[in-house]
Protein chains: 2
Amino acid sequence: MKIGELAEKTGVSVRSLRYYEQQGLLTPLRQVNGYREYSPLAEEQVRTIRFYLELGLSTEQIAGFLHCVLKNKEAFCEEVLPLYRSKLEEIDEQIRLLTNIRRNLEDRIASILLERDPGEEALP
Amino acid sequence: MKIGELAEKTGVSVRSLRYYEQQGLLTPLRQVNGYREYSPLAEEQVRTIRFYLELGLSTEQIAGFLHCVLKNKEAFCEEVLPLYRSKLEEIDEQIRLLTNIRRNLEDRIASILLERDPGEEALP
DNA sequence: CTAAACCCTGACACCGGTGTTAGAGTCAAG
DNA sequence: CTTGACTCTAACACCGGTGTCAGGGTTTAG
């Protein structure tokens with residue numbers, strides 16, 4: 001299958017498919033004319049890549065274990081669990097930061113409303 | 001006061017002070033030799049800028065109301081409240097996204113642990 | 001044969017505040 | 001006068017997946 005077809009089947013842009021290849025996540029064969037030729041398995045492989053990208057992993061991190069998870073169950077790939085755990089910490093840190101900002105924003109909003117129309121926002 | 005002194009007093013790098021100026025947030029005078037000359041008020045002004053940056057506002061957004069909040073109380077600057085509210089929605093959306101990812105990560109971790117050592121993680 | 005639709009590579013743009021470097025001018029202390 | 005510490009402008013790098021364009025080949029249906 002050619003790149004356009006794979007793009008349509010997976011909903012991933014042609015540009016992205018070429019990028020994944022450049023990052024070592026996909027390795028299509030080449031036809032004599034230079035066109036990329038994807039096996040039917042590539043479709044599932046692309047969905048796997050998308051899954052990990054949506055978990056917030058980088059293409060570089062994914063490249064580190066993709067070959068393994070494509071052959072085995074995730075649980076047998078040593079690299080995955082530590083990666084998940086550090087990503088989880090990272091996410092938690094980001095949530096903490098955002099939550100702090102959120103609190104500050106609410107404080108500012110509340111104090112503006114108070115200063116502007118004292119008592120008005122206390123209505124039911 | 002020269003830029004290095006202001007940088008030291010505020011803890012903001014010289015690079016950033018020049019950037020704030022470029023974004024229209026600071027307008028120091030110039031000495032005859034071309035050096036920036038900051039008034040003592042600039043110190044407080046920089047802290048104000050930092051405050052808004054840390055709320056997640058962009059220099060462009062800050063530029064839109066900084067002149068007002070430097071003269072009046074925040075509550076009298078019309079632009080501020082809507083900006084706070086849209087920023088709050090933005091933050092909430094980001095927290096939602098991160099929370100989803102977080103849940104997926106935890107699911108993956110749990111299922112790896114289950115698959116690998118069934119029951120082991122259930123210990124006290 | 002031709003036009004439309006694909007495909008190829010390579011490269012720039014984006015986002016946005018900050019670090020860093022290069023090359024050059026200025027100033028103060030010794 | 002000289003040296004070292006500042007200052008100036010201008011410009012690139014970063015981060016990272018994606019959009020988009022340029023310029024050129026290939027294929028396929030009419």
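Residue numbering restarts at 1 for every chain, and letters A, B, ... go by the order of the sequence lines.
For the pair Arg85(B) and Glu89(B), the salt-bridge criterion is not met [side-chain N within less than 4.0 Å of a carboxylate O]. Classification of Arg103(A) and Glu106(A) as a salt-bridged pair fails, no side-chain N sitting under 4.0 Å from a carboxylate O.
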Any chance you could lay out the side chain to side chain contact (heavy atoms under 4.5 Å, CB included) test for Gln23(B) and Ile62(B), step after step, and finish with the verdict?
CA-CA 9 Å; Gln23(B) 299 308 111; Ile62(B) 298 172; over 6 Å; no
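Where Leu57(B) and Tyr35(A) each meet DNA chain C at their nearest nucleotide, the meeting point lying more 5' is that of Tyr35(A). Of the two residues contacting DNA chain C, namely Gln23(B) and Gly34(A), the nearest-nucleotide position lying further toward the 5' end is that of Gly34(A).
Look at Tyr19(B) and you won't find any side-chain N or O under 4.0 angstrom from OP1 or OP2 of dT18(C). Phosphate contact (OP1/OP2 of dT20(C), side-chain N/O of Arg18(B), threshold under 4.0 Å): absent. Distances shorter than 4.0 Å separate none of the side-chain N or O atoms of Ser16(A) from OP1 or OP2 on dG17(D). Listed pair Tyr20(B) / dT18(C) meets the phosphate criterion, a side-chain N or O lying under 4.0 Å from OP1 or OP2. OP1 and OP2 of dG16(D) both lie 4.0 Å or more from every side-chain N or O belonging to Thr59(A). Between Arg15(A) and dC8(C) there is no side-chain polar atom (N or O) within less than 4.0 angstrom of OP1 or OP2. Contact annotation: Arg36(A) side-chain N/O to dC8(C) OP1/OP2 distance is under 4.0 Å.
Here dG25(D) presents its C1' atom at 14 Å from CD of Gln31(A), a figure rounded to the nearest Å. What separates CG of Leu53(A) from P of dC15(D) is a distance of 17 Å, to the nearest Å. Atoms CD1 (Ile62(A)) and P (dG16(D)) sit 12 Å apart, rounded to a whole Å. The distance from atom CD of Gln22(A) to atom P of dT9(C) is 10 Å, rounded to the nearest whole Å. Here the C1' atom of nucleotide dC6(D) and the CD1 atom of Ile3(B) are 11 Å apart, to the nearest Å. One can place CD of Glu60(B) at 8 Å from P of dG16(C), the figure rounded to the nearest angstrom. Regarding Leu25(B), its CG atom lies at a distance of 13 Å from the C1' atom of dG16(C), rounded to whole Å. Going from atom CZ of Arg30(B) over to atom P of dT26(C) covers 14 Å, rounded to whole Å.
Annotation for Arg102(A) and Ile95(B): closest pair CD-CD1, 4.2 Å, computed over non-hydrogen atoms.
If you check dA11(C), dT27(D), dC27(C) against the side chain of Asn33(B), the one that comes closest is dC27(C). In the set dG19(D), dG19(C), dG17(C), dG19(C) carries the atom at the smallest distance from any side-chain atom of Ser13(B).
Within a 6.0 Å sphere centred on CD of Glu8(B), heavy atoms belonging to other residues, nucleotides or ligands number 12 at most.
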